[in-house]
**Q** 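Sharing a structure below in structure tokens format, with a few things to ask.
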Amino acid sequence: MDNDQFEHRKEKLNELRSLGINPFANGYKPDTLAGGLISKFGETPANELESRNEDYSLAGRVVGLRDFGKSIFFHIADRSGKMQGYLKTDVVGEDSLKFFKKFVDLGDFIGIRGNLFKTRTGELTVNVKEFKLLTKTLHPLPEKWHGLKDVEARYRQRYLDLISNPEIREIFLTRSRIIKLIRMFLDQRDYIEVETPILHPIAGGAAARPFETHHNALGMDLYLRIAPELYLKRLVIGGLERVYEIGRTFRNEGVSTQHNPEFTMIEFYQAYATYEDLMDLIEELICLLAHEIKGSLVFEYGGSEIDMTRPWKRINIIEHLEKTLGKEVLSDDAKLFEKARSLGVDHKGIRGKAIVETFELLTGEELRNPAFVYGFPLDVSPLARKNEADADITDRFELYIFGREIANAFSELNDPIDQKERFLSQLDLKLKGEEEVHEMDEDFVTALEHGMPPTAGAGIGIDRLVMLFTNSPSIREVIFFPHLRPE
RNA sequence: GAGCCGUUAGCUCAGCUUGGUAGAGCAACUGACUUUUAAUCAGUGGGUCACAGGUUCGAAUCCUGUACGGCUCACCA
């Protein structure tokens with residue numbers, strides 16, 4: 001950490017203090033943003049700018065510095081963009097220029113005030129009349145041309161990544177816009193946003209390994225939620241007919257380009273809707289995002305094209321397998337298990353698992369453009385409503401885009417007796433060797449016994465959605481601080 | 001968890017094949033320069049070559065192990 005540049009800057013800091021100048025000054029109030037000035041005056045002719053002769057004050061980090069002896073050009077960056085400043089002896093005086101040259105380094109924050117002019121090359125520039133050092137920086141910034149490339153440093157010191165790689169900032173601005181648009185979309189449809197517990201006594205609502213924690217005063221173990229589902233449905237029971245929650249969810253599983261131990265999902269529930277209604281709703285929502293973010297329903301991701309033109313494909317899992325494997329395989333468990341095994345599926349004698357995982361292995365290109373996959377078997381869908389024509393499957397679908405699961409939704413099971421049996425049958429799966437099953441939640445069953453209106457609900461992985469719309473190859477690119485091992 | 005690849009100055013990278021006292025650009029420092037914008041010009045300093053062992057007269061370079069990271073696979077959303 002300690003290098004000559006760090007030492008130089010510390011010396012400057014001490015010298016400033018001995019001069020009675022606070023190197024971490026407070027209270028400077030800029031009246032303008034760089035981006036605002038550029039959009040307002042970027043096209044204004046030079047002579048008109050001169051005749052206006054209005055002063056503006058800006059503040060920001062010094063991100064470029066060119067010293068010409070008796071004058072200095074620099075750029076400062078604020079949240080809106082960059083602005084060039086020009087400092088010359090004629091205007092600020094010799095002492096002030098010397099001070100700047102001696103004490104202002106790349107990376108420092110300064111406030112500047114002056115009128116606007118255009119340089120020979122036409123760049124809008126502040127003719128600095130006065131400036132103030134606001135924050136001294138002790139470390140040099142990453143290299144100006146190549147930025148910060150080292151992936152590990154980018155994640156561990158994300159602030160440096162954000163300073164030196166403008167495209168990273170754009171990714172996170174887009175992330176923020178996407179979440180805002182989703183809120184707007186649901187709010188317009190009379191949904192309310194709610195918050196439910198993150199600390200759960202029973203890790204329910206999904207089949208995943210939870211993080212465990214402990215409450216000292218209550219003397220009880222708790223789990224970080226693996227899904228908000230069961231709490232949101234309790235709210236529907238309570239009469240909140242349209243609810244959604246956007247929030248962090250935690251799963252104690254592997255880390256990859258698609259998985260972070262904590263990730264953001266949205267779940268929403270709508271009374272009197274069916275899973276088919278949610279297909280339409282999700283289609284509409286994601287197309288809105290594509291339109292707002294990409295300006296088109298056809299855009300590039302990972303070097304290939306994604307076409308979101310509606311209507312989206314709807315693929316029945318069973319029919320798809322019957323077509324690719326033959327009807328006889330689906331009608332005979334022994335044949336199905338053997339086929340699944342031969343493809344490398346560890347189905348543990350669970351029919352639903354064999355079907356779903358075999359399906360996933362056998363699909364490819366057809367799941368690149370958005371596709372609703374439906375017809376999920378009952379035993380792998382313990383919270384979903386039974387299909388009225390076929391008791392072996394549920395009214396559930398998953399949305400795939402670019403071969404990735406983006407959303408999972410279903411008509412909710414609201415029969416408490418059936419729900420209890422489904423929980424119990426999850427125990428059978430556990431006995432067959434399935435490690436991750438849905439836990440029995442008696443309290444939730446009691447809630448259902450008080451009556452949940454017919455309802456459909458969905459969960460969407462926000463991080464994956466953001467990846468799609470920012471053309472990011474890894475989930476780590478859309479999460480500010482992805483989990484890494486300690487250095 | 002397994003396989004492959006990577007780790008050299010504050011940053012971006014050469015050097016490793018074929019072992020012989022560590023290189024460039026940016027950044028820093030000194031100086032010149034009043035419209036530059038990757039400013040330019042002259043000069044200077046800066047390294048536990050990730051870490052630990054081994055081979056060798058001699059290791060950034062070859063070998064082994066460890067740590068961290070990336071990609072692929074497995075579990076999963």
Side-chain angles (χ1 to χ4, degrees), chain A residues 1-9 11-12 46 63-75 82-92 94 97 101-102 105-107 117-125 127 137-157 160-161 163-165 205-209 226-227 249-267 344-346 356-357 360 398-400 404-408 434-436 459-465 467 473-477 482 484-487:
Chain A
M1 275 312 227
D2 288 14
N3 53 61
D4 60 334
Q5 303 198 40
F6 187 73
E7 291 305 322
H8 280 136
R9 287 169 180 231
E11 282 165 21
K12 289 180 189 179
V63 293
L65 198 53
R66 294 171 293 282
D67 178 359
F68 285 83
K70 296 205 167 47
S71 72
I72 299 167
F73 282 98
F74 60 90
H75 277 94
K82 286 188 204 174
M83 175 59 66
Q84 180 165 256
Y86 181 52
L87 210 62
K88 56 177 175 178
T89 316
D90 303 351
V91 176
V92 295
E94 207 170 311
L97 197 85
K101 287 168 81 159
K102 183 163 183 185
D105 289 311
L106 273 174
F117 74 104
K118 287 218 167 154
T119 61
R120 222 175 258 167
T121 49
E123 178 166 353
L124 189 70
T125 301
N127 175 39
T137 305
L138 296 179
H139 287 292
L141 295 181
E143 207 243 4
K144 63 183 169 191
W145 191 242
H146 299 93
L148 185 66
K149 286 259 171 55
D150 179 40
V151 178
E152 192 176 348
R154 285 185 44 230
Y155 296 154
R156 288 193 199 278
Q157 296 182 279
L160 292 179
D161 194 25
I163 292 166
S164 56
N165 300 322
R209 282 158 64 191
I226 55 174
T249 306
F250 307 83
R251 298 194 182 171
N252 203 343
E253 283 152 0
V255 178
S256 76
T257 51
Q258 308 292 314
H259 303 87
N260 195 60
E262 51 183 299
F263 61 102
T264 301
M265 60 185 257
I266 176 168
E267 280 198 8
V345 172
D346 180 17
V356 171
E357 293 189 18
E360 283 172 8
E398 287 185 348
L399 169 64
Y400 277 80
R404 295 175 188 157
E405 191 191 328
I406 298 293
N408 180 22
E434 178 71 315
E435 286 168 23
E436 293 168 9
I460 301 177
I462 299 284
D463 311 275
R464 289 183 178 177
L465 210 52
M467 286 169 70
S474 164
I475 199 167
R476 293 182 202 102
E477 294 297 331
L484 302 178
R485 287 193 169 84
E487 280 176 285

**Q** Could you identify the nucleotide paired to G69(B), looking across every strand shown and requiring Watson-Crick or G-U wobble geometry with both distances under 3.5 Å?
**A** C5(B)

**Q** Please report the distance separating the C1' of A24(B) from the corresponding atom of G15(B), rounded so that it comes out in whole Å.
**A** 11 Å

**Q** Could you work out the separation of G46(B) and U8(B) based on their C1' atoms and round it to a whole Å?
**A** 14 Å

**Q** Who does U40(B) pair with, Watson-Crick or G-U, both distances under 3.5 Å?
**A** A32(B)

**Q** At less than 3.5 Å, do the side-chain atoms of E152(A) and the base atoms of U7(B) form a donor-acceptor pair?
**A** no

**Q** Is E143(A) reaching over with its side chain to a backbone N or O of H146(A), donor-acceptor style, under 3.5 angstrom?
**A** yes

**Q** Provide, to the nearest angstrom, the distance between the CD atom belonging to E477(A) and the C1' atom belonging to G69(B).
**A** 13 Å

**Q** Determine the Euclidean distance between corresponding C1' atoms of G10(B) and A28(B); express it in Å to zero decimal places.
**A** 9 Å

**Q** Provide the distance between the two C1' atoms, one in C33(B) and one in G43(B), to the nearest whole Å.
**A** 16 Å

**Q** At 4.0 Å (heavy atoms only), tell me whether G254(A) reaches a base, stays on the sugar-phosphate, or touches nothing.
**A** base

**Q** In whole angstrom, give the distance that lies between atom CD of E7(A) and atom C1' of G45(B).
**A** 14 Å

**Q** Taking atom P of C11(B) as reference, at what distance in whole Å does atom CG of D161(A) sit?
**A** 14 Å

**Q** Does G58(B) have a Watson-Crick or wobble mate here (both distances under 3.5 Å), and if so which one?
**A** none

**Q** Run the side chain to side chain contact (heavy atoms under 4.5 Å, CB included) test on E477(A) and M467(A) for me, step by step, so that the C-alpha distance in whole Å, both residues' side-chain angles and the decisive distance to 0.1 Å come before the verdict.
**A** CA-CA 8 Å; E477(A) 294 297 331; M467(A) 286 169 70; over 6 Å; no

**Q** Starting at CG of D150(A) and ending at P of A9(B), how long is that distance when rounded to a whole Å?
**A** 11 Å

**Q** Rounding to the closest angstrom, what is the interatomic distance between A60(B) and G23(B) at atom P?
**A** 13 Å

**Q** Measure from CG on L465(A) to P on A77(B) and round the result to the nearest Å.
**A** 17 Å

**Q** Return the orientation label for the H139(A) and F6(A) ring planes: parallel under 30°, perpendicular over 60°, tilted otherwise.
**A** parallel

**Q** Can you work out whether H146(A) or V151(A) has the more 5'-proximal nearest nucleotide on RNA chain B?
**A** H146(A)

**Q** Roughly how many Å apart are C62(B) and G25(B), using the C1' atom of each and rounding to a whole number?
**A** 30 Å

**Q** May I ask you to decide if D346(A)'s main-chain N or O and E357(A)'s side chain share a donor-acceptor pair within less than 3.5 Å?
**A** no

**Q** State whether the number of non-hydrogen atoms from other residues, nucleotides or ligands found under 6.0 Å of K101(A) atom NZ is greater than 12.
**A** yes

**Q** Reckon Q84(A) touches a base, only the sugar-phosphate, or nothing at all at heavy-atom distances under 4.0 Å?
**A** base

**Q** Sort out the partner of G45(B) for me: Watson-Crick or G-U wobble, both distances under 3.5 Å, none otherwise.
**A** none

**Q** Would you classify E123(A) as touching base, sugar-phosphate or nothing, given that sugar-phosphate means primed atoms plus P, OP1 and OP2, and contacts are heavy atoms under 4.0 Å?
**A** base

**Q** May F263(A) be described as stacking on the base of A77(B), applying a 5.5 Å centroid limit and a 30° limit on plane angle?
**A** yes

**Q** Using Watson-Crick or G-U wobble geometry with both distances below 3.5 Å, tell me the partner of G53(B), or none.
**A** C63(B)

**Q** Could you work out the separation of A50(B) and U61(B) based on their P atoms and round it to a whole Å?
**A** 8 Å

**Q** I want to check one thing: is the phosphate of G70(B), taken as OP1 and OP2, less than 4.0 Å away from some side-chain N or O of R476(A)?
**A** yes

**Q** Indicate whether the side chain of Y86(A) and that of E123(A) have a donor and an acceptor atom separated by less than 3.5 Å.
**A** no

**Q** Between T125(A) and U35(B), is there a side-chain N or O to OP1/OP2 distance below 4.0 Å?
**A** no

**Q** Need one value for R156(A): base, sugar-phosphate or nothing, where a base atom within 4.0 Å counts as base even if backbone is also close, heavy atoms only.
**A** sugar-phosphate

**Q** Donor-acceptor pair, D463(A) side chain versus T264(A) backbone, under 3.5 Å?
**A** yes

**Q** For the pair R209(A) (side chain) and E436(A) (backbone), establish whether a donor and an acceptor sit closer than 3.5 Å, ignoring hydrogens and angles.
**A** no

**Q** Please determine, for the side chain of K149(A), which listed nucleotide (A74(B), C13(B), U35(B)) has the closest atom?
**A** C13(B)

**Q** I'd like the P distance from C16(B) over to C11(B), given in whole Å.
**A** 23 Å

**Q** For G147(A), report the nucleic acid contact type (base, sugar-phosphate, nothing); a contact means any heavy atom under 4.0 Å.
**A** sugar-phosphate

**Q** Taking any heavy-atom pair under 4.0 Å as a contact, classify T249(A): base, sugar-phosphate, or nothing.
**A** nothing

**Q** Would you give a per-nucleotide map of nucleotides 26-34 of chain B, 5' to 3', where B means the base has a protein non-hydrogen atom under 4.0 Å away, S means only the sugar-phosphate does, and - means neither?
**A** BBSS---BB

**Q** Which part of the nucleic acid, if any, lies within reach of N165(A) when heavy atoms closer than 4.0 Å are counted: base, sugar-phosphate only, or nothing?
**A** nothing

**Q** CZ of F74(A) versus P of A38(B): gap in Å, rounded?
**A** 17 Å

**Q** Quick one: I475(A) CD1 to C71(B) P, roughly how many Å, whole number?
**A** 12 Å

**Q** Look at the side chain of T89(A) and the backbone N and O of K70(A), then say whether any donor-acceptor pair between them is shorter than 3.5 Å.
**A** yes

**Q** Q84(A) and T119(A): which non-hydrogen atoms are nearest, and at how many Å?
**A** NE2-CG2, 3.6 Å

**Q** Determine whether any donor atom in the side chain of R66(A) lies under 3.5 Å from an acceptor atom in the base of U36(B), or the reverse, and answer yes or no.
**A** yes

**Q** When the distance from CG of N252(A) to C1' of G1(B) is rounded to whole Å, what number comes out?
**A** 14 Å

**Q** Base, sugar-phosphate, or nothing: which does L484(A) touch, judged by heavy atoms less than 4.0 Å apart?
**A** sugar-phosphate

**Q** Examine A67(B): is either OP1 or OP2 under 4.0 Å from a nitrogen or oxygen in the side chain of R485(A)? Give yes or no.
**A** no

**Q** Give, for atom OG1 of T249(A) and atom CG of N260(A), the distance between the pair rounded to the nearest 0.5 Å.
**A** 12.0 Å

**Q** Who does G25(B) pair with, Watson-Crick or G-U, both distances under 3.5 Å?
**A** C11(B)

